[in-house]
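As structure tokens, the structure follows; a few thoughts come after it.
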Amino acid sequence: MLAAQRRAGIVSLLESAGGVSVSELAARFEVSDMTIRRDLENLAEAGLIAKVHGGAVAPAADAAAVARRTEEPGFEAKSAQMLPEKQAIAAAAAELLAPGMSVGLSAGTTTWTLAHHLLTVPELTVVTNSPRIAAIFHRAADAHSDAHAAGQSAGQTRDAADPRVILTGGVRTPSDALVGPIANQALRSLHLDLVFLGTHGFSSAAGFTTPNLEEAETNRTLLQSGARAVVLADHTKWGATALGTFARLAQIDTLISDTGLPDPAAAELREQLTLTLAETTETRRS
């Protein structure tokens with residue numbers, strides 16, 4: 001394929017998909033990442049595409065709309081949002097766990113909340129691309145060891161299960177996810193019972209999305225490694241669309257959201273997947 005044909009193909013793909021990563025383009029056109037990066041430079045200079053970290057998007061007349069799709073808030077900014085909903089969603093997700101399971105947790109504040117519920121589930125193996133999630137288990141294990149060193153039983157400090165934790169390598173994103181070829185290669189060799197994924201937004205048209213194209217690719221790889229997939233997302237993420245789709249609605253077995261999700265949205269989602277709506281403490285009290 002000539003360079004001009006390949007570049008025309010890239011423009012056509014972006015017109016339909018909206019955004020795509022360098023690695024996806026390299027695989028699609030069977031060329032190196034460096035060749036694709038040169039193509040993107042050429043197309044961006046011609047004004048036919050807009051380059052973003054890890055890939056490219058179709059040019060948009062509304063710059064603010066592009067910013068909303070590509071902006072990636074940091075972990076601290078997201079962790080302070082919708083706390084009661086995240087706690088309720090995490091508690092509902094924990095009910096899917098059983099002793100001895102192997103589970104995957106994508107990076108995110110709701111999956112981070114779920115991780116605290118995993119501390120007491122016996123004989124778990126936990127795979128994650130989130131250093132913050134891994135730190136939860138490592139701190140708990142250190143506390144358990146300190147208790148024994150002091151001559152105390154584990155039951156005097158907490159009900160410790162000490163899951164085995166596997167942290168993928170990779171390049172860290174602003175949201176503290178490890179992504180890229182190293183993370184993807186680690187995940188491709190695994191076979192997990194259940195994977196839990198967070199999302200920036202979800203909709204009927206776009207599916208489940210994230211602002212970072214490399215994170216979208218790593219999420220897709222994690223999704224493929226699991227026998228069952230569960231997305232955790234509070235109701236405010238319905239209708240929000242970020243740059244990269246990592247799963248269509250029908251590719252997910254279960255979505256756990258909260259009772260703030262509008263009824264029409266719930267009805268639409270139930271046509272594609274199993275939907276669980278968790279009640280917050282405030283909702284139960286009212």
Side-chain angles (χ1 to χ4, degrees), residues 73-145 154 157-170 172-179 183 186-187 190 192-200 208 210 215 218-219 221-223 225-234 237 246 252-258 276 278 280-281:
F75 186 93
E76 284 77 10
K78 293 190 293 184
S79 63
Q81 301 169 354
M82 309 302 292
L83 293 178
E85 288 79 5
K86 288 175 182 175
Q87 289 289 353
I89 290 167
E95 295 179 5
L96 301 176
L97 295 164
M101 274 188 167
S102 59
V103 300
L105 295 180
S106 76
T109 54
T110 311
T111 49
W112 178 85
T113 304
L114 170 62
H116 292 81
H117 292 265
L118 274 58
L119 292 172
T120 57
V121 182
E123 300 179 358
L124 278 186
T125 297
V126 178
V127 176
T128 184
N129 67 326
S130 168
R132 289 181 184 263
I133 288 176
I136 293 171
F137 298 102
H138 292 317
R139 284 195 298 267
D142 289 343
H144 190 201
S145 297
T157 53
R158 64 178 184 87
D159 183 12
D162 289 340
R164 181 173 62 163
V165 181
I166 299 170
L167 177 65
T168 70
R172 191 189 297 257
T173 70
S175 61
D176 268 354
L178 296 178
V179 302
L187 292 170
L190 301 177
L192 305 174
D193 297 312
L194 189 59
V195 296
F196 295 97
L197 302 110
T199 186
H200 180 87
F208 298 96
T210 181
E215 187 166 358
T218 296
N219 280 353
T221 308
L222 177 60
L223 173 64
S225 72
R228 294 170 58 207
V230 180
V231 171
L232 312 180
D234 70 74
K237 296 180 178 180
F246 64 85
I252 299 301
D253 297 290
T254 301
L255 168 66
I256 304 179
S257 188
D258 61 86
T276 298
T280 65
T281 302

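Heavy-atom basis, side chains included; hydrogens, waters and symmetry copies ignored. All figures in this text were calculated on a predicted structure; none of them were measured in a lab.
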Would you sort out whether Leu118 and Phe137 count as a side-chain contact (heavy atoms from CB on, under 4.5 Å), showing the intermediate values? CA-CA 9 Å; Leu118 274 58; Phe137 298 102; 3.9 Å; yes
Any side-chain donor-acceptor pair under 3.5 Å between Lys86 and Thr109?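 Checked: Lys86/Thr109 side chains pair up, N/O donor to acceptor below 3.5 Å.
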As an exercise, state the distance from [atom1] of [X] to [atom2] of [Y], rounded to the nearest 0.5 Å.
| X | Y | atom1 | atom2 | answer |
| --- | --- | --- | --- | --- |
| Asn219 | Thr199 | CG | OG1 | 8.0 Å |
| Leu223 | Thr218 | CG | OG1 | 12.0 Å |
| Leu96 | Asp253 | CG | CG | 10.5 Å |
| Ser102 | Ile166 | OG | CD1 | 9.0 Å |
| His200 | Thr210 | NE2 | OG1 | 7.5 Å |

So does [Y] get a backbone contact from the side chain of [X], meaning a donor-acceptor N/O pair under 3.5 Å?
| X | Y | result |
| --- | --- | --- |
| Asp258 | Ala278 | no |
| Asp193 | Val103 | no |
| Asn129 | Ala107 | yes |
| Thr111 | Ser106 | yes |
| Thr128 | Leu105 | yes |

Provide the closest heavy-atom pair for [X] versus [Y] in the form atom of the first, atom of the second, distance.
| X | Y | result |
| --- | --- | --- |
| Leu167 | Ala134 | CD1-CB, 4.1 Å |
| Ala183 | Leu178 | CB-O, 3.6 Å |
| Ala229 | Leu197 | CB-CD1, 4.5 Å |
| Asp234 | Glu85 | CB-CB, 4.0 Å |
| Ala233 | Leu255 | CB-CD1, 4.2 Å |
| Val126 | Pro163 | CG2-CB, 4.1 Å |

Set out, in order, the CA-CA distance, both residues' side-chain angles and the distance that settles side-chain contact (heavy atoms from CB on, under 4.5 Å) for His117 and Glu95, then state yes or no. CA-CA 9 Å; His117 292 265; Glu95 295 179 5; over 6 Å; no
Would you say the side chain of Leu232 lies within less than 4.5 Å of the side chain of Thr113, judging by non-hydrogen atoms?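 No, too far: nothing below the 4.5 Å cut-off.
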Any side-chain heavy-atom pair of Leu114 and Phe196 under 4.5 Å: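 Leu114 reaches Phe196 side chain to side chain.
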Side chain to side chain donor-acceptor pair (under 3.5 Å) involving Thr254 - partner list, sequence neighbours excluded: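 In terms of side chain to side chain donor-acceptor pair (under 3.5 Å), with neighbours along the sequence ignored, Thr254 is linked to no residue.
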Given side-chain contact (heavy atoms from CB on, under 4.5 Å), test His116 with Ile136 step by step and report yes or no. CA-CA 7 Å; His116 292 81; Ile136 293 171; 3.3 Å; yes
What residues, two or more places apart in sequence or in another chain, satisfy salt bridge (Lys or Arg N to Asp or Glu O under 4.0 Å) together with Arg172?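 Salt bridge (Lys or Arg N to Asp or Glu O under 4.0 Å) list for Arg172, sorted by chain: Asp176.
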